[in-house]
Amino acid sequence: MQYIDLHSMTQANTTSAHALSSQNTSSSAALRHDWSLEEIQNLLQQPFNDLLFEAQTIHRQFHAQNEVQISSLLSIKTGACPEDCGYCSQSAKYNTALERERLLPLEEVIEKAKIAKSNGSSRFCMGAAWRNPTDKNLDKVIDMISAVREVGMQTCVTLGMLTDQQSQRLKDAGLDYYNHNLDTSPEFYGNVITTRTFQDRLDTLQYVRDKGINVCSGGILGMGEKATDRASMLQQLANMPQHPESVPINMLVQIEGTPLFGADGIDSIEFVRSIAAARILMPMSQVRLSAGRHEMSDEMQAMCFFAGANSIFYGDKLLTTENCETNDDLALFSRLGIKPSEVELGQTDLIKAEACHS
Ligand code: SAM
Ligand code: DTB
Ligand code: SF4
């Protein structure tokens with residue numbers, strides 16, 4: 001298996017990165033889908049500078065080096081979720097003092113999308129606290145997707161498990177991305193969630209992939225998992241037949257009342273290492289520095305961008321918890337010389353199947 005020639009890519013500039021991210025990659029690199037756990041563990045354990053150098057070098061071959069894609073989040077249905085995800089403020093099983101809210105009216109969603117767009121976000125992600133949407137609920141979400149597209153933004157939804165037919169309906173509605181995280185390794189999974197299986201998640205992702213919707217899938221670090229679990233989760237993502245177009249890496253936001261409140265967090269250097277490994281394993285994917293930025297120093301975020309993170313959630317709120325202040329994000333971008341990436345609507349982000357087979 002041929003892998004990326006590190007020596008040919010140190011001079012990559014913005015123009016070539018754009019050319020590559022428009023999927024003209026098959027001649028320059030072969031993306032791998034056969035990583036062993038041991039290889040990933042070795043990658044994660046390299047000397048920090050070597051790991052970051054490799055990640056940044058690969059980053060420059062595939063992406064504009066000083067650009068970060070920005071998405072905004074909106075919880076369209078909050079709380080009272082029947083699932084038992086041990087990290088989540090929205091599970092009905094835990095006493096988290098969260099106020100539940102029914103599905104938001106369409107007008108409110110449009111208004112929030114317009115605000116997000118005027119603040120510079122290119123993608124609007126709508127999340128619902130459901131195990132899975134009913135077909136009636138999906139009708140309403142489809143209206144939201146159409147309306148947000150009319151606002152001129154890319155759309156993403158995260159609604160829980162889907163059927164094959166529901167995935168087709170979302171594709172027909174013009175949905176750009178579906179977010180469904182693996183959350184953690186298959187080995188640690190049972191410590192976090194018992195009401196749906198790891199395989200259920202893979203099944204939903206397969207339906208979404210088969211319909212040609214961009215896949216957004218990643219996980220959460222800092223839930224008390226071991227380093228092997230982080231390697232194993234990354235292995236699951238990297239060995240998918242096609243890498244997710246977007247890979248959100250969340251740092252657990254600890255919620256009082258949930259089983260994971262008080263879990264052993266993750267060391268910041270270990271977190272940056274995981275971002276770097278995600279970049280190396282999935283060179284063409286957007287790696288999103290997701291929940292938990294609020295707890296990170298500017299320096300830690302800067303390290304994550306250097307390690308290859310090139311997407312964030314922007315806006316004062318995530319789904320139910322605080323995000324960084326937008327002014328702070330803009331100030332950090334300015335200090336780092338980072339620009340929000342411009343997204344052409346209608347452009348496909350799908351990583352072409354042929355680019356993924358060597
Ligand atoms: N209910 C849907 C589902 O679980 O598929 C969609 C919403 S759910 C909140 C989306 C993802 O957000 C979860 O899979 C998890 O990875 C992430 N998430 C939720 N709560 C979090 C927390 N407290 N800290 C970090 N990430 C979290
Ligand atoms: C993802 O990976 N992170 C986002 C999004 N996908 C939906 C959610 C983060 C939620 C953080 C906790 C909260 O605000 O409730
Ligand atoms: Fe429900 Fe999603 Fe929270 Fe799990 S992560 S409890 S499915 S809202």
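FYI, side chains are in, hydrogens and waters are out, and symmetry mates aren't considered; it's all heavy atoms of this structure. In each ligand, atom 1 is the first atom listed, and ligand 1 is the first ligand listed.
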Quiz item: Identify the closest protein heavy atom to atom 3 (N) of ligand 2: which residue and atom is it, and at what distance?
Solution: Asn250 OD1, 3.0 Å
Quiz item: Is there an N/O/S atom in Cys88 at a distance below 2.8 Å from atom 3 (Fe) of ligand 3?
Solution: yes
Exercise. Between Asn179 and ligand 2, find which residue part has any heavy-atom pair under 4.0 Å and reply side chain, backbone, both or neither.
Key: side chain
Self-check item: Residue, atom name and distance, where the atom is the protein heavy atom closest to atom 4 (Fe) of ligand 3
Solution: Cys85 SG, 2.3 Å
Practice problem: Salt-bridge test for Asp298 and Arg335: reply yes if a basic N is under 4.0 Å from a carboxylate O, no otherwise. | Solution: yes
Quiz item: Hey, is Arg293 close enough to Glu322 for a salt bridge, meaning N to O under 4.0 Å?
Solution: no
Quiz item: Is there a heavy atom of Cys85 sitting under 4.0 angstrom from any atom of ligand 1?
Solution: no
Quiz prompt | Under 4.0 Å to a heavy atom of Thr320 - the qualifying atoms of ligand 2, by number | solution = 13 (C), 14 (O), 15 (O)
Self-check item: Those atoms of ligand 2 less than 4.0 Å from some heavy atom in Pro248
Solution: 2 (O)
Exercise. Ignoring angles and geometry beyond distance, decide whether Arg201 reaches within less than 3.5 Å of ligand 1 through its nitrogen or oxygen atoms.
Key: no
Quiz item: Ignoring hydrogens and geometry, is there a side-chain-to-backbone donor-acceptor pair from Thr155 to Asp176 under 3.5 Å?
Solution: yes
Quiz item: In terms of the angle between their ring planes, are Tyr189 and Phe198 parallel, tilted or perpendicular, with boundaries placed at 30° and 60°?
Solution: perpendicular
Quiz item: Would Tyr87 count as a contact of ligand 2 if the rule is a heavy atom under 4.0 Å away?
Solution: no
Quiz item: Considering only heavy atoms of Leu73, which atoms of ligand 2 have at least one such atom less than 4.0 Å away?
Solution: 4 (C), 7 (C)
Self-check item: Shortest reach to atom 7 (S) of ligand 3 by a heavy atom, considering only Arg196, Met161, Arg131
Solution: Arg196
Exercise. Could you say whether the N/O atoms of Asp183 and ligand 1 ever approach to under 3.5 Å?
Key: yes
Exercise. Mind telling me whether His180 and Tyr178 have parallel, tilted or perpendicular rings, with 30° and 60° as the class edges?
Key: tilted
Exercise. Please verify whether a non-hydrogen atom of Ser89 lies at under 4.0 Å from ligand 2.
Key: yes
Quiz item: Under 3.5 Å, N or O to N or O, is Tyr87 touching ligand 1 that way?
Solution: yes
Quiz item: Is the shortest distance from a heavy atom of Met126 to ligand 1 less than 4.0 Å?
Solution: no
Quiz prompt | For atom 1 (Fe) of ligand 3, the option (of Gly79, Ala80, Cys81) bearing the nearest heavy atom | solution = Cys81
Quiz prompt | Check: Thr197/Asp200 side-chain N/O donor and acceptor closer than 3.5 Å | solution = yes
Quiz item: Under 4.0 angstrom from ligand 1, any heavy atom of Gly160?
Solution: yes
Quiz item: With distance as the sole criterion, is a donor-acceptor pair present between the side chains of Asp329 and Thr326 under 3.5 Å?
Solution: no
Quiz prompt | Glu256 atom CD, over 12 foreign heavy atoms within 6.0 Å | solution = no
